[in-house]
Student: 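Here it is, the structure in full.
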Amino acid sequence: MDFDVLVIGGGPGGYVAAIKSSQLGLKTACVEFDSTDDNKVKLGGTCLNVGCIPSKSLLDSSYKFHQLESGLEEHGISAGKPKLDIAKMMDRKNAIVKKLTGGVSHLFSHNKVTSIHGKGQLLNANTVEVVDSKGKKKSYTAKNIILAAGSRPINIPSVPWNGTSVIGSSGALELNEVPKKLAIIGAGVIGLELGSVWSRLGSSVEIFEAEKELLPMLDRDVAKVIEREFKNQSLNINLGCFVKGSKTSRNAVALEVEIEGKLEKKSFDKVIVAVGRRPFTDDLLGKDCGLKLDERGFIEVNEFCQTAIANVYAVGDIVRGPMLAHKAMEEGIMAAERIAGKKMEVNYDLVPSVIYTHPEIAWVGKTEKDLKAEGVEFNKGNFPFAASGRALAAGDSAGLVKVLADKETDQVLGIQIFGNGAAEILQQGLIGMEFSASSEDFGLTMFSHPTVSEALHEAALAVNKQAIHIGN
Ligand code: FAD
Ligand code: NAD
């Protein structure tokens, strides 16, 4: 055999699986087919190239611009009208992407992972055929194979992409001028994050969402606060509406939208389609390889990411569960460890989610709706950031922390946060939840003062009506 482990896909699921396999003493290679102009392998997948990292770079840059424009007056600071150099903002983002993707190549060399350039296809339990950019084929054999081919955006027939006026998330991370009027189809994670970026930079943004409720995965009391805040930020979100058709030219799009049963015509400079992603399995499975896709196109795996062929694993966006980089990475590590004979498991009950708007939205575990459906009795504690000294000092006091705990055992079962720093605060709650902490455990832990994390402390105390800084 050529390798102990052969990974197809160099995104967070694949590159982490490859590094871990090599660290565990297995002879490892990773096949990745995207190529840059200089024809070098482009590692890092969606996350580093066109996802998590470039979007956060633009979120941070646009937030600074917006703060300078209108967020500092209450602190007694005025700097005049800020000037936007969008080319420089994009260059900065591209440099960060280059640094991190180059970092993965460096980690491969350091960990002795062989990088193979080309498109991989699973032929059978031990063979992968790779076609390079010139069409040349070569087969490799491996004792174990990990599939990590990721996902691609979903297209909708009523508004087909044309790469200029109708774009997906990747195009929306590359714009070289601020659209005057921007429509976004889908008020999910990408819609809210990229809507925030372009709205802060000056676009008039209108979002069209098919669901009647914003963020249906959250409890309504939390979602209502979010909806109100986004209205204040001029993110104009239309719920329960459908885009029926579109007329596009290079620089303009006319949308026909059904809003509350009425057809309306609206014109925009650009439209971003952000209605979800699909597993990317095109040509990944050879016709006699022995694996099949489920009805939604995902590769079927057990709880350890093992496919129907015992030595073939699949991880990340091509398998069930949330399409998140940290979930892909954990699954990559689990696959490598299982191949090496270790017993690692992923705790699928505690996969955190974050939407990096301002304020951030972060949650983990069960919602009230989940607990009611499961017949679990619970207590809840809420704490608004408006009662947090640190949030007020920062001038960033929108939102709240909500903690749900089992009524009988007091174990914390869910946390939802909308507020400045929510992603980092959630992580503290998550560590407690991993160790089955009760709301009392959180209450007995000392939190530095003044921090925004104290809101988590107080919300946990509020579960048993013990909060100090709000009425119980
Ligand atoms: P991918 O990252 O998609 O990587 C798969 C790789 O496999 C790709 O490089 C592809 O070229 C390669 N490949 C595919 N088929 C083959 C083949 N046959 N042969 C060889 N190579 C192949 N998640 C978060 O957790 N946090 C965020 O903040 C976040 N922000 C995002 C923002 C945007 C705009 C988008 C689009 C996504 C974001 N995500 C975020 C989701 C995250 O990017 C994905 O969940 C994650 O990248 C999935 O990792 P993966 O390894 O499964 O797949
Ligand atoms: P999403 O599933 O988060 O949101 C898609 C939204 O589009 C949903 O609200 C859905 O109801 C709506 N929708 C679907 N079809 C529609 C239609 N025809 N008209 C109007 N609305 C429609 O998907 P996304 O925002 O495209 O993101 C894709 C994936 O990328 C997600 O799974 C997400 O996990 C991942 N991602 C994560 C982050 C993060 O972790 N911060 C950021 C960006 C993307």
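Just so it is clear, the structure is predicted and the values come from calculations on it, not from any experiment. As the structure lists them, so they are numbered: ligands from 1, and atoms in each ligand from 1.
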Student: Give the residue, atom name and distance (to 0.1 Å) of the protein heavy atom nearest atom 31 (C) of ligand 1.
Tutor: C52 N, 3.4 Å
Student: Ligand 1 and D317, any nitrogen or oxygen pair closer than 3.5 angstrom?
Tutor: yes
Student: Which ligand 2 atoms, with their elements, are less than 4.0 angstrom from a heavy-atom of Y356?
Tutor: 41 (N)
Student: Under 4.0 Å from a heavy atom of E211: give me the atoms of ligand 2 that qualify, with their elements.
Tutor: 11 (O)
Student: Can you tell me if S353 uses its side chain to pair, donor with acceptor, with the backbone of W363 under 3.5 Å?
Tutor: no
Student: Evaluating non-hydrogen atoms only, which member of L59, I190, D317 is closest to atom 43 (C) of ligand 2?
Tutor: I190
Student: If you measure from each non-hydrogen atom of R277 to ligand 1, which part falls under 4.0 Å: side chain, backbone, both or neither?
Tutor: side chain
Student: Please confirm whether R277 comes within less than 3.5 Å of ligand 2 when only nitrogen or oxygen atoms on both sides are compared.
Tutor: no
Student: What atoms of ligand 1 come closer than 4.0 angstrom to any heavy atom of H326?
Tutor: 25 (O)
Student: With nothing but distance in play, are any N or O atoms of F280 less than 3.5 Å from an N or O of ligand 1?
Tutor: no
Student: Going by ring pair (Phe, Tyr, Trp, His ring centres under 6.0 Å), name the residues that satisfy it together with Y63, two or more places apart in sequence or in a different chain.
Tutor: H358
Student: Looking at atom 11 (O) of ligand 2, what's its closest protein heavy atom, distance included?
Tutor: E209 OE2, 2.6 Å
Student: Report yes if E193 has an N/O atom closer than 3.5 Å to an N/O atom of ligand 2; otherwise report no.
Tutor: yes
Student: Do any heavy atoms of I185 fall under 4.0 Å from ligand 2?
Tutor: yes
Student: Could you tell me whether some N/O pair between L324 and ligand 2 is separated by less than 3.5 angstrom?
Tutor: no
Student: Any carboxylate oxygen within less than 4.0 angstrom of a Lys/Arg side-chain nitrogen, looking at E206 and K181?
Tutor: no
Student: Would you say I156 has any N or O atom under 3.5 Å from an N or O of ligand 2, going by distance alone?
Tutor: no
Student: Tell me whether E177 at atom CD has more than 12 heavy atoms from other residues, nucleotides or ligands lying less than 6.0 Å away.
Tutor: no
Student: Side chain or backbone, does G44 bring an N or O within less than 3.5 Å of an N or O on ligand 1?
Tutor: no
Student: Does either side chain, that of N111 or that of S22, offer a donor lying less than 3.5 Å from an acceptor on the other one?
Tutor: no
Student: Between R320 and E331, does at least one N-O distance fall below 4.0 Å, as a salt bridge requires?
Tutor: yes
Student: Can an N or O of M323 be found at a distance shorter than 3.5 Å from an N or O of ligand 1?
Tutor: yes
Student: Is the backbone of A422 close enough, under 3.5 Å, to the side chain of E360 for a donor and an acceptor to pair up by distance?
Tutor: yes
Student: Closest approach of G365 and M433, non-hydrogen atoms and distance?
Tutor: CA-CE, 4.3 Å
Student: Would you call D4-K143 a salt bridge at under 4.0 Å N-O?
Tutor: yes
Student: Take every heavy atom of P322, measure it against each atom of ligand 2, and state whether any distance is under 4.0 Å.
Tutor: no
Student: Hey, is ligand 1 close enough to L284 that some N/O pair sits below 3.5 Å?
Tutor: no
Student: Between C241 and ligand 2, does any nitrogen or oxygen pair lie at a separation below 3.5 Å?
Tutor: no
Student: When rounded to the nearest 0.5 angstrom, what distance separates CG in D221 from CD in Q416?
Tutor: 7.0 Å
Student: Could you establish whether P153 and ligand 1 come within less than 4.0 Å of each other, counting only heavy atoms on the residue side?
Tutor: no
Student: Once you measure the plane-to-plane angle for F230 and F418, does it fall in the parallel (<30°), tilted (30-60°) or perpendicular (>60°) bin?
Tutor: perpendicular
Student: So, E368 and K402, do they make that salt bridge, N to O below 4.0 Å?
Tutor: yes
Student: What protein heavy atom lies closest to atom 28 (O) of ligand 1? Include the residue and the distance to one decimal.
Tutor: K56 NZ, 2.7 Å
Student: Measure the distance from atom 32 (C) of ligand 1 to every protein heavy atom, then report the residue, atom name and distance (to 0.1 Å) of the closest one.
Tutor: G51 C, 3.3 Å
Student: Could you tell me whether ligand 2 has any atom less than 4.0 Å away from a heavy atom of F242?
Tutor: no
Student: Could an N or O of ligand 2 be found under 3.5 Å from any N or O of I355, whether backbone or side chain?
Tutor: no
Student: About how many Å separate CG of L235 and CD1 of I207, when rounded to the nearest 0.5 Å?
Tutor: 5.0 Å
Student: Any Lys/Arg nitrogen of D219 or K369 sitting under 4.0 Å from an Asp/Glu carboxylate oxygen of the other?
Tutor: no
Student: Is K327 salt-bridged to E330, going by a charged N under 4.0 Å from an acidic O?
Tutor: no
Student: Report the part of A148 (side chain from C-beta onward, or backbone N, CA, C, O) that has a heavy atom under 4.0 Å from ligand 1; answer both or neither where that applies.
Tutor: backbone
Student: Would you mind checking if R278 and D282 are paired as a salt bridge, meaning a charged N to carboxylate O distance below 4.0 Å?
Tutor: yes
Student: Could you identify the single nearest non-hydrogen protein atom to atom 22 (C) of ligand 1 and state the distance to 0.1 Å?
Tutor: F33 CD2, 3.2 Å
Student: Checking a contact table here: which protein heavy atom is nearest atom 4 (O) of ligand 2, and how many Å away?
Tutor: G188 CA, 3.2 Å
Student: Considering only heavy atoms, does S55 approach ligand 1 within less than 4.0 Å through its side chain, its backbone, both, or neither?
Tutor: side chain
Student: Is A328 touching ligand 1 with its side chain, its backbone, both, or neither, if touching means heavy atoms under 4.0 Å apart?
Tutor: side chain
Student: Should E258 and K244 count as an ion pair when the cut-off is N to O under 4.0 Å?
Tutor: yes
Student: Using a 4.0 Å cut-off to any heavy atom of F208, which atoms of ligand 2 qualify?
Tutor: 20 (C), 21 (N)
Student: Nearest heavy atom to atom 23 (O) of ligand 2: which of G186, G276, A210 does it belong to?
Tutor: G276
Student: Checking the N or O distance criterion of under 3.5 Å, is ligand 1 in contact with V50?
Tutor: no
Student: Which heavy atom of the protein is the closest neighbour of atom 51 (O) of ligand 1, given with residue, atom name and distance?
Tutor: G13 N, 2.9 Å
Student: Of the choices T46, I8, T101, which has the non-hydrogen atom that lies closest to atom 1 (P) of ligand 1?
Tutor: T46
Student: Between M323 and ligand 2, does any nitrogen or oxygen pair lie at a separation below 3.5 Å?
Tutor: yes
Student: Quick one: salt bridge (charged side-chain N to carboxylate O under 4.0 Å, His left out) partners of R277, sequence neighbours excluded?
Tutor: none
Student: At what distance is the nearest protein heavy atom to atom 14 (C) of ligand 1, and which residue and atom is it?
Tutor: A149 O, 3.2 Å
Student: Under 4.0 Å, heavy-atom basis, I'd like to know which part of P54 is in contact with ligand 1: side chain, backbone, both or neither.
Tutor: neither
Student: Please report which non-hydrogen protein atom sits nearest to atom 24 (C) of ligand 1, along with the residue it belongs to and the distance in Å to one decimal place.
Tutor: A325 N, 3.5 Å
Student: Would you call K93 and E174 a salt bridge, using N to O less than 4.0 angstrom?
Tutor: yes
Student: Could you tell me whether E129 and K119 make a salt bridge, using a distance below 4.0 angstrom between a side-chain N and a carboxylate O?
Tutor: no
Student: If you have a sec, work out which protein heavy atom is nearest atom 11 (O) of ligand 1 and how many Å separate them, to one decimal?
Tutor: E32 OE2, 2.6 Å
Student: Write down the atom of G9, the atom of C30, and the distance for their closest heavy-atom approach.
Tutor: O-SG, 3.4 Å
Student: Which atoms of ligand 2 have any heavy atom of V354 under 4.0 Å away?
Tutor: 39 (C), 40 (O), 41 (N)
Student: Should the pair E260-K262 be classified as a salt bridge under the 4.0 Å nitrogen-to-oxygen rule?
Tutor: no
Student: Minimum distance, heavy atoms only, to atom 16 (C) of ligand 2: which one of T46, V275, I154, L192 is it?
Tutor: V275
